Amino acid sequence: MRTALSGLTTRGRCLLAAGFAAGVCAAVLNERDLLRVAAFVIALPLLAAWLATRARVGLHAARFLAPSRVPVGAASEVKLDLRSTGRLPTGGLMLEDTVPYALGARPRFLVERLPRNTPTTLRYPLKPVMRGVQQVGPLMARITDPFGLAEFDRELAGRSRLVVVPRVVRLSGLPGGSGMGAGDDGSVRLRAGQGEDDAIVRQYRQGDDLRKVHWRSTARRDELMVRVEERPWRGGTTVLLDHRVHAHRGSGPTASLEWAISFAASICLHLHHFGHQVRLVSEDGRVLAGGSSEGGHSDHVVLDSLAALQGSHRRELTGGVDPGAGQEVIAVLGGLSPASAEELIRYRPRGMRSMAVLLDVNAWAGGTDAAAPEPEDARRLLNGAGWGVAIAKPSASMQQVWQELCASAGNRGPSVRSEVG
């Protein structure tokens, strides 16, 4: 009884109070007709609350997402299956499914009558605008009687998981002048047993350690040559994603961080398509996804890892080591100061193929952020170290930025030679 009384609405409570008041007046005035009216007025909200409680017990619901994994901007459909197993038909049922703001408005349904043991299906669409692992639900039902005297809230279905992965843009072309452009994955050479006795050397550059001079090649070519410690035939490509919060500008779907994540995902899937082994790492060298190009699940691993990725609060760009671990690197970088560019160059061997996309984060801020680093300063430093560099702006498409990067890689590639001892 206490549970039933707790579900009375303001109208039901007022009617119940009026019935008790009429009963007291009937007793004082000895009016039997008024007492009959009082009994009816008291019984009506109690009966309404009892019926609503009985209908509430027999309600069941299930939620299905189709599909449960979608890219940003794609549509997913939610299906709600309702069933009443109570002895009485359910009426006046208000349903509301909890939906995060990134998926749209909360859907509401009014079911005037839900017959017993007859399933009812409700559908509504979802169109996510932000990546992430979203929780849809719980599904709440508000059950009322026809007179609005009692209402009860009940959770009919729990939460369902919807994975919203970054938007992927189809790219075309590969950087020239490297193993990628030639379609020659270094891991193939390694498996073939080639290069184990070779010395990877290049021309001496100012600042190189003189202890790494390769004297045999120097004598043969009559110019100073140095040995490269990290051998390019270790194979594969590392995509470095800079997701530091202070290196990006903007908010929501149009933030520079979201553009960088989408571009990094597009690069990984594009290289997978050509059969390359790809590692995806953060700016400190932490592996987000990596591995083999074999099988069709590697793309899902990359996208799922990026779906849940949050901005990093690190200040440093690298963790004191080469983020590429000896592989070719394609870095997708936010606002990069000259000091950060020099730090990246210092830990990245000169003999390895390196490319970078610098985001003009001031453009994402509308040109009003005077503290944003100027990408041209970092570009000059990286170009001087043999990096291929492209600058990304919000007005440029990802394909345009990729083509610029491919062209710069072909023109800026370091000269590396393999000479048999």
Side-chain angles (χ1 to χ4, degrees), residues 175 177-178 200 202-213 224 226-230 232 237-249 256-257 260 263-264 279-286 311-365 369-393 401 404-405 408-409 411-416:
S178 68
I200 302 301
R202 58 167 171 79
Q203 295 177 349
Y204 173 82
R205 295 176 185 157
Q206 185 176 0
D208 286 340
D209 191 349
L210 292 177
R211 291 175 297 181
K212 298 178 182 179
V213 173
L224 203 57
V226 294
R227 182 189 300 271
V228 179
E229 289 184 351
E230 300 290 346
T237 301
T238 295
V239 178
L240 186 152
L241 174 61
D242 179 10
H243 63 108
R244 296 172 298 155
V245 173
H246 81 277
H248 291 275
R249 301 295 187 273
S256 63
L257 176 59
F263 189 57
R279 293 170 63 247
L280 177 64
V281 301
S282 61
E283 69 283 343
D284 58 348
R286 179 171 59 93
S312 169
H313 295 282
R314 288 177 54 90
R315 306 292 297 184
E316 301 83 8
L317 183 63
T318 66
V321 296
D322 174 22
Q327 294 183 339
E328 295 181 335
V329 162
I330 301 178
V332 183
L333 306 172
L336 194 67
S337 65
S340 297
E342 292 176 352
E343 182 182 6
L344 185 61
I345 294 170
R346 181 167 65 252
Y347 293 114
R348 180 68 184 156
R350 287 178 175 267
M352 299 306 302
R353 190 60 156 176
S354 304
M355 291 159 279
V357 175
L358 302 177
L359 274 65
D360 187 357
V361 294
N362 190 30
W364 264 273
D369 191 350
E374 175 58 46
E376 288 295 342
D377 297 336
R379 183 179 199 169
R380 284 191 291 269
L381 291 173
L382 293 175
N383 281 340
W387 287 57
V389 181
I391 294 180
K393 296 179 180 291
V401 176
E404 181 183 351
L405 183 65
S408 66
N411 295 331
R412 292 282 182 176
S415 175
V416 179

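Computed from heavy atoms alone, side chains included, the values below leave out hydrogens, waters and symmetry copies. Because the structure is a prediction, the values reported are computed rather than measured.
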* Close side-chain approach of F263 and L359, heavy atoms under 4.5 Å -> no
* For V245, what residues pass the side-chain contact (heavy atoms from CB on, under 4.5 Å) criterion, not counting sequence neighbours? -> H313
* Asked: Residues in side-chain contact (heavy atoms from CB on, under 4.5 Å) with A247, at least two apart?
  -> D242, R244
* Asked: Does N362 use its side chain to pair, donor to acceptor, with the backbone of D369 at less than 3.5 Å?
  -> yes
* Does the side chain of R346 come within less than 4.5 Å of R348's, by heavy atoms? -> no
* Do L358 and L382 touch side chain to side chain, with heavy atoms closer than 4.5 Å? -> yes
* **Note, V389 side chain near V357 side chain (heavy atom, < 4.5 Å)** => no
Side-chain donor/acceptor pairs under 3.5 Å, residues 370-380, sequence neighbours excluded:
unit_1: D377; atom_1: OD1; unit_2: R380; atom_2: NH2; d: 2.5
unit_1: R379; atom_1: NH2; unit_2: E404; atom_2: OE2; d: 3.1

* Sequence-distant partners of S312, side-chain contact (heavy atoms from CB on, under 4.5 Å), two or more places apart -> H243, E283, R314
* What distance separates L210 CG from L224 CG, expressed to the nearest 0.5 Å? -> 7.0 Å
* In chain order, what residues pass the side chain to side chain donor-acceptor pair (under 3.5 Å) check against T238, with sequence neighbours excluded? -> R279, Q327
* To do: Could you tell me whether the side chain of L333 reaches within less than 4.5 Å of the side chain of L240, counting heavy atoms only?
  => yes
* Is there a donor-acceptor pair under 3.5 Å between the side chain of S256 and the backbone N or O of R249? -> yes
